[in-house]
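To keep things clear, I will list the structure first and then write my remarks on it.
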Amino acid sequence: MADSKMERSCANSSTEEKMGKSFDPTEYQHTRFNPLRDDWVLVSPHRMKRPWKGQVEKPQEEEIPRWDPKNPLCPRTVRASGKENPDYESTYVFENDFPALLQEEAPAPGPSAHPLLKCEPAQGTCRVMCFHPWSDVTLPLMSIDEILEVIREWIRQYQELSKTYRWVQIFENKGAVMGCSNPHPHCQIWASSFLPNEAAIKHRTQREYLEKHKIPMLVEYARLEAEQKVRIVVENSDWIVVVPYWATWPYEVLLLPRRHVQRLSDLTEEEQKNLADIMKRLLTKYDNLFEVSFPYSMGWHGAPTGKQDTDCSHWQLHAHYYPPLLRSATVKKFMVGYEMLAQSQRDLTAEQAAEKLRNLSEIHYKNR
Ligand SMILES: O=C1CCN([C@@H]2O[C@H](COP(=O)(O)O)[C@@H](O)[C@H]2O)C(=O)N1
């Protein structure tokens, strides 16, 4: 399917040449292929010219107390389960009191009644990981050492859970607009016996790419982006952050190691330190974009860890940041309508978004 669409889009561009216009990706609509997800995004840069009615003001940022005796993620408070949090001074992890995946062996569903009514067992566990004891800090406002402690805790959790589960999903929902129910800096970790959809697609597309091109897809992609530079947001000796060529969310970024690294647990000390550096710089730019604590959903994807996953040389560790904001602190993009029924669509090109982020200061607006 991908090839025929590729032929069609090439045919269109030769039509353009016939009409005497050369194709300019910042002027004309086109579709871009996402090789990781094996799907397409429609890019409509001409729409950036449409009049934008009214400038939307920055929201009044709510004052978050450093400690709230009623906040179940704070040190020394009691959670809904009645369990009490210790007086933790760094990261703190606890079993989710309302888990979507229960740890104890749920009875397996019987054989599916019909090929259209397939059902599989789902074992797993859900944890909440607090980044810091204070509720009024976010990652970009934390020190490099504090961010490094978050990375070390991610690795500890991953190492422990990957012994039992095939997939360990570390993810952070940041900001009320992302449905985050609690402003305290935290993320979640859901480990499952099954390979979730996003992981299963990438398991296939990365394997197909390695078989065809003899180099892991995202190792080649990081090299290509370092060479082209037009989509780089921020980089250091071990990491590169780009707005991916196929980005769907306006300011979405992809965080990639430069070395071939299959899993978080394979990172060297130096790579962990440089990850803390690159996260602080990226998230500071994100907050500086609209001078607001930038909402997003983010997550790590690395090679699966099941008994069958002995050869995952096609996998490259990477992290996605999916921020919804489009034009201001209060105007967000909605993935609805055409995006749900047809395919993702964006106005701003990946290159334009990368340039905006790249040119932003690395001094947080709250520290100016
Ligand atoms: O007492 C509590 C409150 C919230 N939680 C859990 O914390 C999580 C908050 O994370 P989010 O804001 O990212 O949804 C949520 O999954 C919720 O179930 C507890 O486990 N215990």
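We count ligands from 1, going down the list as the structure has it; atoms in each ligand are counted the same way.
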Nearest non-hydrogen atom to atom 15 (C) of ligand 1 belongs to which of T77, N96, N182? N96
Ring-ring centroid check Y321 W249, cutoff 6.0 Å: no
So if I apply the salt bridge (Lys or Arg N to Asp or Glu O under 4.0 Å) rule between E227 and each of R223, K229, R231, which one comes out positive? R223
I want to know whether F294 and Y296 have ring centres closer than 6.0 Å. no
Of the protein's non-hydrogen atoms, which lies at the shortest distance from atom 10 (O) of ligand 1, and what is that distance? H186 NE2, 3.0 Å
shortest atom 12 (O) of ligand 1-to-protein heavy-atom contact is with S181 N, 2.7 Å
Just jot down the ligand 1 atoms closer than 4.0 angstrom to any heavy atom of A80, in number order. 1 (O), 2 (C)
So that I know where these two stand, are F23 and H30 an aromatic pair - ring centroids less than 6.0 Å apart? yes
On the six-membered ring of W246, is R32 placed so that its NZ or CZ lies under 6.0 angstrom from the centre and within 45° of the ring axis? no
Is any side-chain heavy atom of R346 less than 4.5 Å from a side-chain heavy atom of L42? no
In ligand 1, which numbered atoms sit nearer than 4.0 Å to a non-hydrogen atom of F94? 19 (C), 20 (O)
Within the 6.0 Å centroid threshold, strictly below: H203 and W167: no
Using a strict cut-off of 4.0 Å, indicate which atoms of ligand 1 neighbour a heavy atom of C180. 12 (O)
Ion pair D38/R204, N-O distance below 4.0 Å: yes
Which one of L73, N173, V128 has a non-hydrogen atom at the shortest distance from atom 4 (C) of ligand 1? L73
Under 4.0 Å from a heavy atom of Q188: give me the atoms of ligand 1 that qualify, with their elements. 10 (O), 11 (P), 13 (O), 14 (O), 16 (O)
If we number the atoms of ligand 1 from 1 as shown, the ones under 4.0 Å from a heavy atom of R79 are 1 (O)
Which heavy atom of the protein is the closest neighbour of atom 21 (N) of ligand 1, given with residue, atom name and distance? D97 OD2, 2.7 Å
Under 4.0 Å, heavy-atom basis, I'd like to know which part of E172 is in contact with ligand 1: side chain, backbone, both or neither. neither
Test of understanding: given a 4.0 Å heavy-atom threshold, classify the contact between P72 and ligand 1 as side chain, backbone, both, or neither. side chain
